Structure formats: structure tokens, C-alpha cells
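Right, one structure below, let's go through it.
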Number of protein chains: 2
Amino acid sequence: MSAVTSTVNVGRPRAFDMDTALEKALEVFWRKGYDGTSLSDLTEAMGINKPSLYAAFGNKEQLFLKAIELYESRPCSFFLPALEKPTAYQVAEHMLHGAAMNMADSNHPQGCVVVQGALSCSEAAASVKEALINRRVEGEQKLKVRFDQAKTDGDLPPDTDTGVLARYLLTVLQGMAIQANNGACSEQLRQVAHMTLQAFPRAG
Amino acid sequence: MSAVTSTVNVGRPRAFDMDTALEKALEVFWRKGYDGTSLSDLTEAMGINKPSLYAAFGNKEQLFLKAIELYESRPCSFFLPALEKPTAYQVAEHMLHGAAMNMADSNHPQGCVVVQGALSCSEAAASVKEALINRRVEGEQKLKVRFDQAKTDGDLPPDTDTGVLARYLLTVLQGMAIQANNGACSEQLRQVAHMTLQAFPRAG
DNA sequence: AGATATATGTACTTATCGGTAAATAACCCT
DNA sequence: AGGGTTATTTACCGATAAGTACATATATCT
């Protein structure tokens with residue numbers, strides 16, 4: 001008997017693919033929000049029954065959190081990759097243009113599930129709201145750290161308030177999520193991105 | 001007998017004040033969103049029973065729409081008053097500073113109910129979501145018209161794209177609603193407002 | 001005082017919510 | 001072939017959702 005939990009192929013095999021089911025769940029949560037999504041919505045979209053959902057993902061809340069993890073780790077995600085760009089300005093540029101492209105993409109719900117998944121919500125959703133707030137605040141913190149690095153790299157003026165700069169950028173990105181929900185297209189978001197960069201300090 | 005619907009004091013008088021009850025309803029919808037708010041939440045906050053609510057306000061959806069009307073017409077509202085300022089820059093300035101003050105005010109829920117009342121929502125809330133989108137888009141249109149006026153007034157450069165400028169400003173304002181939900185304070189929002197104005201075209 | 005009209009509180013309806021018990025089906029290992 | 005293990009299906013649970021029927025209370029009008 002092994003010390004770790006057995007992962008060998010014992011028992012009846014799962015009849016659905018967990019990753020694609022999770023993708024489907026993400027899309028529903030994205031479009032309807034946590035409170036607006038019922039288990040029937042989920043099981044219908046995922047093509048499975050409730051006991052399968054509970055066995056595979058725990059419960060509604062855990063499924064939501066796993067869907068958010070998937071959202072942030074997907075290949076089309078733009079936030080973390082943008083942090084890798086060589087200069088602060090390019091980081092901002094790629095982030096804003098990535099958001100303009102992604103948030104208005106009609107291949108999935110508009111906006112950003114981290115913003116709109118549980119913004120105002122019932123008490124039952126309070127913990128997932130908290131989780132989303134943490135994600136947003138952590139993203140802002142990561143961006144600040146990146147800008148701090150840029151300051152020592154010399155591609156931001158030494159008197160730059162990196163906290164304010166990160167917050168400004170995140171504010172626009174989060175606003176773009178609302179704009180996408182309003183029906184704004186990629187080109188319109190790109191124009192906002194361009195204006196946003198007007199306020200960005202150039203290399204000192 | 002009068003031609004208009006009788007408004008005389010006939011029948012048992014209402015035992016509660018409709019305006020203060022509507023204020024209470026607004027606060028609940030603001031904090032919990034349309035989907036996240038139950039009738040029990042509403043009746044408890046308003047201090048009335050369900051039949052009184054239905055008799056006075058119609059149903060949940062109509063109550064929500066009336067609460068939104070109240071929200072936009074309240075004295076502490078900042079959007080429409082800002083449009084009256086003499087120059088485009090002052091319009092933007094007052095709007096941004098008003099938002100910074102109002103959205104983080106701890107005397108009521110944080111953010112903006114027009115943004116967060118029904119962003120992602122169930123199909124049951126689709127019509128109120130649509131109503132909120134319309135409000136946001138109309139606000140953007142009003143701001144554009146104001147900036148068009150500013151262009152003829154000469155306090156915006158003649159080559160200004162007023163549509164983009166209005167969309168940029170609304171994007172930041174809507175992003176500030178998310179920031180307020182994240183827990184940002186007025187001072188932090190004011191810093192964002194200041195940065196936003198860096199991108200604003202000065203008098204041509 | 002009595003008729004009329006409106007508001008209120010209690011109790012109810014139907015539908016759906018998130019979540020689960022229990023029987024059965026499908027796989028691996030010996 | 002048979003035992004062990006896990007997934008699936010069906011049917012269900014108590015709680016709560018939005019909304020309402022009905023009897024009663026409180027006002028005005030004649």
C-alpha cells in the first residue's frame with residue numbers, strides 16, 4: 001500500500017473530462033456571476049449530473065474557485081505575461097492592449113470574471129467575493145513590485161509613486177471590464193488604452 | 001369626480017414612509033446586488049411586510065428600478081452636477097473628485113449601484129442589467145455632448161475626439177467603483193483621479 | 001353611523017435552491 | 001469469475017425563493 005493517495009486507475013472511470021467541464025463552468029460563472037448561477041445552470045452546461053459535480057469539484061463555492069484558478073492560468077490570460085515585458089511602459093502597454101483584445105472577445109463572456117463574478121452579492125457568496133478582492137489586490141501589488149523594479153532599472157523616473165501608478169492602471173483595466181459589459185468593442189477599448197498611456201511617465 | 005386618478009386621503013393610510021423605505025431598499029440592492037438580494041432582505045431592511053412592498057412598489061424588479069432612480073437623483077449624486085462646470089477640465093475634475101469622495105464613503109455601501117447592481121446576473125435579472133447598461137451608456141453620451149460643447153467653447157483642442165475622452169473618463173469612474181469595493185479609501189481614489197487628469201487635454 | 005376604500009399581518013402557494021442517499025454500472029486486480 | 005473501488009443515475013431532502021389570498025384594521029366620505 002502506497003503512502004500517497006492512490007491515483008491508479010481503480011474503480012469506474014470518469015465519463016467526462018474535468019478540464020473541459022471546468023471550462024464550461026467558468027463560462028457560466030463569468031456570464032451570470034456566482035449568485036446568478038444555479039447548480040442546474042452548471043450541470044446543464046457541463047453535461048453532468050449533480051452528484052458527479054459534487055464528487056469531482058466539492059461544491060458550488062469550490063467549483064467557482066477552481067474556475068477562477070483556471071481563468072487566471074489560461075493561455076489567453078494577459079496579466080502575468082505582461083509583467084515580463086522589459087520596461088514599465090511596455091508592461092502597461094501590453095496589459096492594456098491585452099485587456100482591450102480579451103475583454104471584448106465575443107468567443108466568451110465579456111469583461112473579467114475576477115471583477116464581475118461576485119462584486120455585489122449575497123451573504124452566501126461573501127467568501128468568494130473576498131477571494132476575488134484578494135486576487136485583484138494581489139494583482140495590483142504584483143504590478144507595484146514590477147514598477148519598483150522598473151524604477152531601479154531606470155525606466156521610470158525616480159520620484160514615481162509606483163503604488164499610485166499601479167492603482168491607476170488597475171483602475172482603468174477594471175473599468176474596461178465594465179465597458180466591455182456595456183458592449184464596447186476591442187477598438188473602443190484600445191482607444192481608452194491609448195489615452196491611459198498619455199498619463200504614463202516616460203523613461204526618466 | 002376628478003378626471004385624474006384620485007390621490008385624496010381615502011382608505012387606510014400607509015403606515016410607513018415610501019421615500020425612507022426606498023432608501024433602505026437602495027442600500028440593500030447596492031450592497032448585495034439584484035440577484036443577491038432576497039425579498040426577506042428587503043422587507044427586513046424596509047421594516048414592512050411583503051404585501052405592503054408589493055402594493056407600494058409593484059415587485060422586486062420595479063422596486064429596484066425605483067431605487068436606481070432615487071440613487072441618481074439624490075443630493076449627494078455627483079455626475080449630473082459636474083456637467084454644469086464651466087470648462088471640460090473642471091467637469092472631469094469635479095466628476096473624478098466627486099467619485100473619489102462618494103464611492104469610498106463609509107456611510108453607505110462602497111462603489112456605485114449602477115455599476116455593480118447587476119453586472120453579471122441570472123436570466124431573471126437580464127432586464128435590470130439592460131436598464132443599468134443603458135444608464136451607463138447614456139451617462140457616457142451626456143458627457144460626450146458636454147465635451148462637444150467644450151470644443152465649440154474653445155476649452156478643448158479642436159482635434160479632440162470627444163467620444164474617446166468621455167469613454168476614457170467613464171472607464172476610470174467605473175474602475176473606481178471596483179477599487180472602492182476592493183477597499184480603497186477616498187485618498188487613494190483621489191490619487192487615481194489626479195493621474196487620470198494627466199491624460200486630459202488642456203485648453204487649446 | 002354606515003358605506004367605501006386602502007393598508008396590514010398571517011399564512012399560504014408553487015418553484016427552485018444547494019446538497020445528498022442509495023442503488024446500479026463500469027472499471028482494475030487477483 | 002469474483003471482490004474491491006469509484007462513477008453515474010434517479011430520486012429525494014429541508015430551506016428558501018418570489019409572489020399572493022384572505023381576513024382584519026384604519027382611514028375618509030356621505
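Given the structure is predicted, the values throughout are model-derived calculations rather than measurements. Each chain gets a letter, A, B and so on, in the order its sequence line appears, and its residues count up from 1.
For A/Ser40, no side-chain nitrogen or oxygen approaches OP1 or OP2 of C/dT16 to under 4.0 Å. Taking 4.0 angstrom as the limit, A/Ser52 places a side-chain polar atom (N or O) nearer than this to OP1 or OP2 of D/dT8. Neither OP1 nor OP2 of D/dT28 sits under 4.0 Å from any side-chain N or O of B/Asn9.
Within 4.0 Å (heavy atoms only), B/Ala55 reaches no atom of the nucleic acid at all. At a threshold of 4.0 angstrom between heavy atoms, the contacts of B/Thr37 are confined to the sugar-phosphate backbone, with no base atom among them.
Comparing atom distances between the B/Arg12 side chain and each of D/dA21, D/dA18, C/dA7 picks out C/dA7 as nearest. Listed candidates were C/dG19, C/dT6, D/dT8. Nearest to the side chain of A/Lys50 is C/dG19. Comparing C/dT10, D/dA17, C/dA21 against the side chain of A/Pro51 picks out C/dA21 as the nearest. Side-chain proximity of B/Pro13 to the nucleotides C/dG9, D/dA18, D/dA27 is greatest for D/dA27. Among C/dT8, C/dG18, D/dT6, the nucleotide with an atom closest to any side-chain atom of A/Ser38 is C/dG18.
We find that B/Arg31 and B/Glu27 are joined by a salt bridge, their nearest charged nitrogen and carboxylate oxygen being less than 4.0 Å apart. Using a cut-off of 4.0 Å between Lys/Arg side-chain N and Asp/Glu carboxylate O, B/Glu138 and B/Lys142 are scored as not salt-bridged.
Atom CE of B/Met18 and atom C1' of C/dT6 are 14 Å apart (whole Å). Distance A/Asn49 CG to D/dC12 C1': 14 Å, rounded to the nearest Å. To the nearest angstrom, P of D/dT8 lies 16 Å from OH of A/Tyr54. One interatomic measurement links the two molecules: NZ of B/Lys32 to P of D/dA18, which rounds to 11 Å at whole-angstrom precision. The CG-P distance, from B/Leu42 to D/dA17, rounds to 11 Å in whole Å. Separating the CG atom of A/Leu63 from the C1' atom of C/dG18 is a distance of 13 Å, rounded to the nearest angstrom. Summarising the geometry, the separation between CD on A/Glu123 and C1' on C/dC17 is reported as 16 Å, rounded to the nearest angstrom. Between A/Lys60 atom NZ and D/dA15 atom C1' there is a gap of 15 Å when expressed in whole angstrom units.
Distance check: A/Asn107 CG to A/Asp105 CG gives 4.5 Å after rounding to the nearest 0.5 Å.
Annotation: of the two residues near DNA chain D, B/Gly11 and B/Asp41, the 5′-most nearest-nucleotide partner is B/Asp41.
Residue A/Phe64 is tested with A/Tyr34, A/Tyr71, A/Trp30 for a ring pair (Phe, Tyr, Trp, His ring centres under 6.0 Å); the sole match is A/Tyr34.
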